[in-house]
Amino acid sequence: MLKVLKFRYFLLVLLFVGCGETPEKKQTNTQTEEVSSPEKEAISADDKVILFYGNSLTAAYGLDTKEGFPNRIQLKLDSLGLDYKVINSGLSGETTSGGLNRLDWVLNQPVDIFVLELGANDGLRGIPITESMNNLQSMIDMVKEKNPETQIILAGMQIPPNMGADYASQFKMMYPALAKSNDIALIPFLLEGVAGISELNLEDGIHPTAEGQKIVTENVWEVLKTIVLPQGGMEVTEKLVEELTRRKKQFLPLP
C-alpha cells in the first residue's frame with residue numbers, strides 16, 4: 001500500500017512540474033494572443049479597468065476563455081451594474097521573469113485595479129525564492145510608478161513539497177510578505193477549494209475545470225468586492241433592492 005501511495009505521489013509531482021513546461025506550452029497561439037492583447041478590448045471612456053495579469057490559470061488553460069475566472073468576474077460586475085472592464089492578460093507558461101519583461105507594454109493603458117497572479121511556474125521549476133520575490137516586487141513597483149492610484153491585488157499561490165518542505169513553505173509565505181510590505185490586497189490562495197480535488201481539475205491535475213473556475217472566481221471576488229463595491233463592500237444585488245423596497249413600503253426597519 002505504501003508503495004502505491006508513493007507512486008501516486010510521484011505521478012502527482014510530475015504533473016505539477018509539467019505546469020511550468022510542456023502542458024502550458026502546448027496551448028494554441030490563438031488562445032495566448034487572444035487573452036494577452038489588451039488593445040483588442042473595447043473600453044469606453046466611463047469604464048474603469050481591471051487588468052488580470054498572470055499565467056495559464058488566468059488564461060483559463062484548456063477551456064474557452066469565457067469559462068475562466070476573469071470573464072466570470074466581468075459577468076458579476078455587469079450584473080451589479082458596475083462600470084468596470086476586465087482585461088485578461090494571462091499567458092500560459094509565464095514566469096515572474098517573463099511577466100516582468102512584458103509588463104511595460106501591458107501598462108500602456110490606464111489600469112484602475114491590477115491583479116497580479118504569477119509565481120506558480122517559478123515554484124514548480126525551483127527558481128530561487130529571492131529571484132521570484134524580486135521580480136514580483138519589481139512588477140508592483142512598475143505598476144505604482146505608472147499610476148500611484150492603481151490598486152493592486154496579489155494572488156497567493158502554494159506548491160507541492162517536491163522541491164523540499166522549506167522551499168514550499170518559503171514560497172507560500174512570499175505572497176503575504178509582499179502584500180504586507182507593499183500595503184496591497186492579498187488573495188490568500190487563488191486555488192483554495194480547487195487544488196488537489198480531481199473532479200475540479202482537468203486531466204493534468206493542475207488546471208481548473210469550468211466548475212473549478214467558478215470556485216476560483218469566488219476566491220477572487222471575496223477580495224475584489226472590497227474595492228469595487230459601494231458602501232463598504234455591500235453587494236447591491238437585485239434581490240437586495242427588492243427587499244429594501246418592500247421594507248420601505250411596509251415601514252419595516254432596514255436590515
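Heads up: numbering here begins at 1 and tracks the sequence.
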S.K.: What is the minimum heavy-atom distance between P230 and L82, and which atoms define it?
M.R.: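 Reported closest heavy-atom pair: CD-CD2, 4.4 Å.
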S.K.: Can you sort out the partners of A210 under side chain to side chain contact (heavy atoms under 4.5 Å, CB included), two or more places apart, ordered by chain and number?
M.R.: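 A210 satisfies side chain to side chain contact (heavy atoms under 4.5 Å, CB included) with E67, R72 only.
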S.K.: Hey, mind stepping through E117 and N55 against side chain to side chain donor-acceptor pair (under 3.5 Å) and telling me if it holds?
M.R.: CA-CA 7 Å; E117 180 272 305; N55 52 41; 3.1 Å; yes
S.K.: Applying salt bridge (charged side-chain N to carboxylate O under 4.0 Å, His left out) as the test, list every pair that has at least one member in residues 209-222; sequence neighbours left out.
M.R.: K76-E218, E211-K214, E222-K225
S.K.: Report the residues that fulfil side-chain hydrogen bond (donor to acceptor under 3.5 Å, both in side chains) with D78, sequence neighbours left out, ordered by chain and then residue number.
M.R.: Q74
S.K.: Quick one: pull up OG in S97 and CG in L136 and give me the separation to the nearest 0.5 Å.
M.R.: 11.0 Å
S.K.: Taking all heavy atoms of L202 and all of G62, pick out the closest pair and write down the distance.
M.R.: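 Closest approach of L202 to G62, heavy atoms only: CD1-CA, 3.9 Å.
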S.K.: Would you compute the distance between atom CG of L63 and atom OG of S56 and round it to the nearest 0.5 angstrom?
M.R.: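 Taking CG in L63 and OG in S56, the distance rounds to 10.5 Å.
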S.K.: Among L190, V216, T217, find the residue that satisfies the side-chain contact (heavy atoms from CB on, under 4.5 Å) test when tested with P208.
M.R.: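 Among L190, V216, T217, the one that satisfies the side-chain contact (heavy atoms from CB on, under 4.5 Å) with P208 is V216.
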S.K.: Is there a donor-acceptor pair under 3.5 Å between the side chain of N71 and the backbone N or O of T65?
M.R.: no
S.K.: With ring-ring contact (aromatic ring centres under 6.0 Å, His included) as the rule and sequence neighbours excluded, what pairs involving residues 118-161 come up?
M.R.: none
S.K.: Begin from the C-alpha positions of L116 and M139 and carry the test side chain to side chain contact (heavy atoms under 4.5 Å, CB included) through to its verdict.
M.R.: CA-CA 9 Å; L116 179 56; M139 284 185 271; 4.0 Å; yes
S.K.: Tell me, please, which residues at least two apart from S132 pass side-chain hydrogen bond (donor to acceptor under 3.5 Å, both in side chains).
M.R.: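 Expected list: D122.
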S.K.: Which pair of heavy atoms, one from E94 and one from G54, lies closest together, and at what distance?
M.R.: CB-O, 4.0 Å
S.K.: For the atom pair CG (D104) and CE (M142), what is the distance rounded to the nearest 0.5 Å?
M.R.: 4.5 Å
S.K.: Please tabulate, one pair per line, all N/O donor-acceptor pairs under 3.5 Å involving side-chain atoms of residues 146-157, not counting sequence neighbours.
M.R.:
residue, atom, partner, partner atom, Å
N147, OD1, E149, N, 3.0
T150, OG1, V111, O, 2.7
T150, OG1, N147, O, 3.3

S.K.: If you define the side chain from C-beta out and look only at heavy atoms, does anything of L124 sit under 4.5 Å from P160?
M.R.: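 The answer is yes, as the side chains (C-beta and beyond) meet within the 4.5 Å cut-off.
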S.K.: Locate the shortest heavy-atom distance separating L91 from A59; write the atom from each residue and the value.
M.R.: N-CB, 4.3 Å
S.K.: Please answer: with hydrophobic residues joined when any side-chain heavy atoms are less than 4.5 Å apart, are L75 and Y84 in the same cluster?
M.R.: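 No, L75 does not connect to Y84 through the hydrophobic network.
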S.K.: Do V223 and V115 make a side-chain contact, defined as non-hydrogen atoms from C-beta onward lying under 4.5 Å apart?
M.R.: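 Not touching, per the 4.5 Å side-chain cut-off.
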S.K.: So which atom in V106 and which in S89 form the shortest heavy-atom distance, rounded to 0.1 Å?
M.R.: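 Minimum heavy-atom contact is CG2-OG, 3.9 Å.
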S.K.: Please enumerate all residues that pass side chain to side chain contact (heavy atoms under 4.5 Å, CB included) together with I197, with sequence neighbours excluded.
M.R.: E199, L200
S.K.: Can you give me every donor-acceptor pair (side chain of residues 164-175, partner residue at least two apart or in another chain, under 3.5 Å) with its distance?
M.R.:
residue, atom, partner, partner atom, Å
Y167, OH, I127, N, 3.4
Y167, OH, I127, O, 2.5
Y175, OH, L118, O, 2.9

S.K.: Can you tell me how far CH2 of W105 sits from CG of L107, rounded to the nearest 0.5 angstrom?
M.R.: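 Nearest 0.5 Å value for the CG-CH2 distance: 10.5 Å.
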S.K.: Mind checking what makes side-chain hydrogen bond (donor to acceptor under 3.5 Å, both in side chains) contact with N135, not counting sequence neighbours?
M.R.: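 Here the qualifying residues are T96.
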S.K.: Of the non-hydrogen atoms in K48 and D112, which two are nearest, and what is the gap between them?
M.R.: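 The pair with the smallest heavy-atom distance is CA-OD2, 3.2 Å.
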S.K.: Measure the CG-CD1 distance between L57 and I206 for me, rounded to the nearest 0.5 Å.
M.R.: 9.0 Å
S.K.: Checking side-chain contact (heavy atoms from CB on, under 4.5 Å) between I113 and each of L51, V49, L224, which is the one that passes?
M.R.: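 Answer after filtering L51, V49, L224: L224.
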S.K.: Enumerate the ring-ring contact (aromatic ring centres under 6.0 Å, His included) contacts for residues 114-162, please, sequence neighbours excluded, ordered by first and then second residue.
M.R.: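 Counting only pairs at least two positions apart or across chains, the ring-ring contact (aromatic ring centres under 6.0 Å, His included) contacts touching residues 114-162 are Y53-F114.
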S.K.: Do F189 and I187 make a side-chain contact, defined as non-hydrogen atoms from C-beta onward lying under 4.5 Å apart?
M.R.: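 Heavy-atom side-chain distance check fails, nothing below 4.5 Å.
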S.K.: Using the side chain to side chain contact (heavy atoms under 4.5 Å, CB included) criterion, which residues pair with N182? Sequence neighbours excluded.
M.R.: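 For N182, the residues satisfying side chain to side chain contact (heavy atoms under 4.5 Å, CB included) (neighbours in sequence not counted) are Q137, I140, D141, K144, L178, I184.
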S.K.: How long is the straight-line distance from CD1 of I129 back to CG of N134, given to the nearest 0.5 Å?
M.R.: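 That separation rounds to 11.0 Å.
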S.K.: How about D183: does its CG atom have over 12 heavy atoms from other parts shown lying under 6.0 Å from it?
M.R.: no
